[in-house]
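Quick notes on the structure that follows.
Because the structure is a prediction, the values reported are computed rather than measured. Values reported hereafter were calculated over all heavy atoms of this structure, with side chains retained and with hydrogens, waters and symmetry mates removed. Residue numbers run from 1 in the order of the sequence given.
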Amino acid sequence: MASSPAVSVPIIDTHVHLYPQSEVETHQWYAEDNPLAKQHSIQEYRTATGAPGNLQGFVLIEVDRKNDNAKDWTHPLQEIAWLRRIVTGQPNPGEGHTAEDGRDCLGIVPWAPVVLGSAELEKYLAAAEKEAGPETWAKVKGFRYLLQDKPNGTALSDDFIEGLKLLGRKKFVFDLGVDQHKRGRIQLEEAVEMIDRAHEGVDEEDKVVFILNHLCKPDLTIVNVQTDPSYIAWRTAMFTLSKCDRTYMKLSGCFSEMPEFLRLRPAEEILSAILPWLAVVIAAFGPERIMFGSDWPVCTLGIGEEGWKKWRRVVEMTCHMAGLGPEAQTRLWAETAREAYKLDSRPVYKVVDLTRSDE
C-alpha cells in the first residue's frame, strides 16, 4: 500500500475521556482488573499523543459515571467539578494536569439524564451549570446519555424525545452512542426513528444536532461484507442517517469492534481490513460532516500506549485512499468539529501540502 502524502493539518481530537485516580471507582464500568481503572489525565494524554504541534486541543466526553438509572446525579456532577478544575487551572495534587492545561480543552460533553424528560432535564442542567461555573459552562457544548447499554425502546420514549427537543432549543448537541455490534440492527433502526421524532414539528434553528459516536459500533469482525446481513443493515443505516444534515459522524472507536489480533497488526493492515466501513462513512457523510476522534484511553485496550498514534495513522491513510485534498482533510481533522460543536476560535493553523514544490 502506498504511503500517504505529507499533508500537515490542524487536529482537534473530538473524543477524549479524562478522570483522576481518586474518582475511578465512581464509573459504571469500574472493576479492579479493568486496565482503564487508573488515572487518565492530561499528562497521560499528552504522553500518548506525543504532543504534536498541530494538535490544537480536544473535546472531553463524559465517562459513564454511576447514576442509579439517572436518578442519582452525585457522580455526574462530581465529574463536572473535576472538569472545572481542568478548565480553570485549579488542579488537586496528583491529578495529572497543570494550571495552564485548561486552554487545551476546547469543549465538554457531560452526561445528562435525557431519559427523564424535559422537566427533570431542566433541573439537572441548572445544577450542572451551578457546579461548572461560568468559565467551564461556556465550554459545555452538548450532552451524552449512552443508549448502547439501555433497554430497547429507551430512545423512543416520549420523555427522551422531549429531552432531545429541549437540548435543541438550548443549542446543545447530543452525542449519540449506540452499539450495532453487540445489540443488533434495532439500535440503528431506533436511532433513525429517534432523530426523525426529535426534529418533527421543530423549527430548523431549534433542531438538535446529533453527533454519532464510533461509526455506531459496527461489527468489524465480518469477513464477507457483500452478503453479511449485519453489514448490509449497517450500511443502509449510515446512508439513511446521513440524509439529515444535522447529523455528524465521528471517525473513532473502531479498535474496540475489531478482532483482538487485528488491533496488533500494522496500521496498513488495519486499514485494509476495515476499509469497507470507512468507505461507506466517507461516501455517506463526506469530510464536511466527519470528525476525527481518538476515543482515548479506550483506544489503548489490547494495543498499548501506541493506540492514539496508530489510529491517527489509520485515519491519515484513509484520507489518502479517499483522495481528500488539504482543505477536505482540514474539515475532517478539525473544522467539522469546530462547526458541529461551535468551538471557540483558535489561531489559524496553516494548511501545508508538503508534496507541492511551491510551498
Checking salt bridge (Lys or Arg N to Asp or Glu O under 4.0 Å) for the pair Arg197/Glu200: CA distance, chi angles, key distance, verdict? CA-CA 5 Å; Arg197 289 182 56 192; Glu200 185 178 4; 5.5 Å; no
TODO: Using a strict 4.0 Å threshold on nitrogen-to-oxygen distance, state whether Arg84 and Glu135 make a salt bridge.
DONE: no
Hey, mind stepping through Arg65 and Glu23 against salt bridge (Lys or Arg N to Asp or Glu O under 4.0 Å) and telling me if it holds? CA-CA 9 Å; Arg65 299 276 182 129; Glu23 298 177 14; 2.8 Å; yes
Problem - salt_bridge(Arg46, Asp101) N-O dist < 4.0 Å - result: yes
Hits for side-chain hydrogen bond (donor to acceptor under 3.5 Å, both in side chains) against Thr236, two or more places apart or cross-chain, chain-then-number order -> none
Students should find that the hydrophobic cluster of Tyr19, defined by side-chain heavy atoms under 4.5 Å apart, otherwise consists of Val24, Trp29, Tyr30, Leu36, Val63, Val298, Leu301
Give a yes or no on this: more than 12 heavy atoms of other residues, nucleotides or ligands lie within 6.0 Å of atom CD of Gln226.
no
Worksheet item: Using the ring of each side chain (for Trp, its six-membered ring), is Trp308 parallel, tilted or perpendicular to Phe292, with breaks at 30° and 60°?
Response: perpendicular
Minimal heavy-atom distance between Gly253 and Asp295, with the atoms involved, is CA-OD2, 3.9 Å
Are Val315 and Leu275 joined in one hydrophobic group, where the rule is that I, L, V, M, F, W and Y side chains link up if heavy atoms are under 4.5 Å apart?
yes
Residue pairs passing the ring-ring contact (aromatic ring centres under 6.0 Å, His included) test with at least one member in residues 79-103, sequence neighbours excluded, are Trp82-His97
| If only atom types and distance count, is the side chain of Lys139 paired as donor or acceptor with the main-chain N or O of Leu343 below 3.5 Å? | no
- prompt: Is atom NZ of Lys71 surrounded by more than 12 heavy atoms (other residues, nucleotides or ligands) closer than 6.0 Å?
  reply: yes
request  = Please say whether more than 12 non-hydrogen atoms of neighbouring residues, nucleotides or ligands are located less than 6.0 Å from CD in Glu32.
outcome  = no
Task: Glu25 CD: over 12 foreign heavy atoms closer than 6.0 Å - done: no
Quick note, side-chain hydrogen bond (donor to acceptor under 3.5 Å, both in side chains) partners involving residues 145-154, not counting sequence neighbours, are Asn152-Arg183
Check your understanding: For the residue pair Trp137 and Phe143, does the interplanar ring angle fall in the parallel (under 30°), tilted (30 to 60°) or perpendicular (over 60°) class?
Key -> tilted
Self-check item: Flag if over 12 foreign heavy atoms under 6.0 Å of NZ, Lys130
Solution: no
Quick note, salt bridge (charged side-chain N to carboxylate O under 4.0 Å, His left out) partners involving residues 116-129, not counting sequence neighbours, are Glu120-Lys123, Glu122-Lys170
TODO: Compute whether any side-chain donor of one residue and acceptor of the other, for Asp219 and Ser230, lie under 3.5 angstrom apart.
DONE: no
Using only heavy-atom distances, determine whether the side chains of Thr88 and Gln90 contain a donor-acceptor pair under 3.5 Å.
yes
Closest non-hydrogen contact found for Pro287 with Ala328 is CB-O, 3.6 Å
**Prompt:** Salt bridge or not for Glu189 and Arg185, using N-O below 4.0 Å?
**Reply:** yes
**Asked** Less than 6.0 Å separating the ring centroids of Tyr124 and Trp111?
**Response** yes
Give the cluster check for Trp296 versus Ile303: same hydrophobic cluster or not, with ILVMFWY residues linked at side-chain heavy-atom distances below 4.5 Å.
yes
Between Tyr45 and Asp104, do the side chains contain an N or O donor and an N or O acceptor separated by less than 3.5 Å? no
For residues 244-260, the side-chain hydrogen bond (donor to acceptor under 3.5 Å, both in side chains) pairs (sequence neighbours left out) are His15-Lys250, Asp175-Lys250, His181-Glu257, His214-Ser252, Lys217-Glu257, Thr247-Arg289, Tyr248-Glu339, Lys250-Tyr341
Heavy-atom closest pair (Ala155 atom, Leu147 atom, distance to 0.1 Å) is CB-CD1, 3.7 Å
- prompt: Between Arg312 and Glu316, is there a side-chain N and carboxylate O pair less than 4.0 Å apart?
  reply: yes
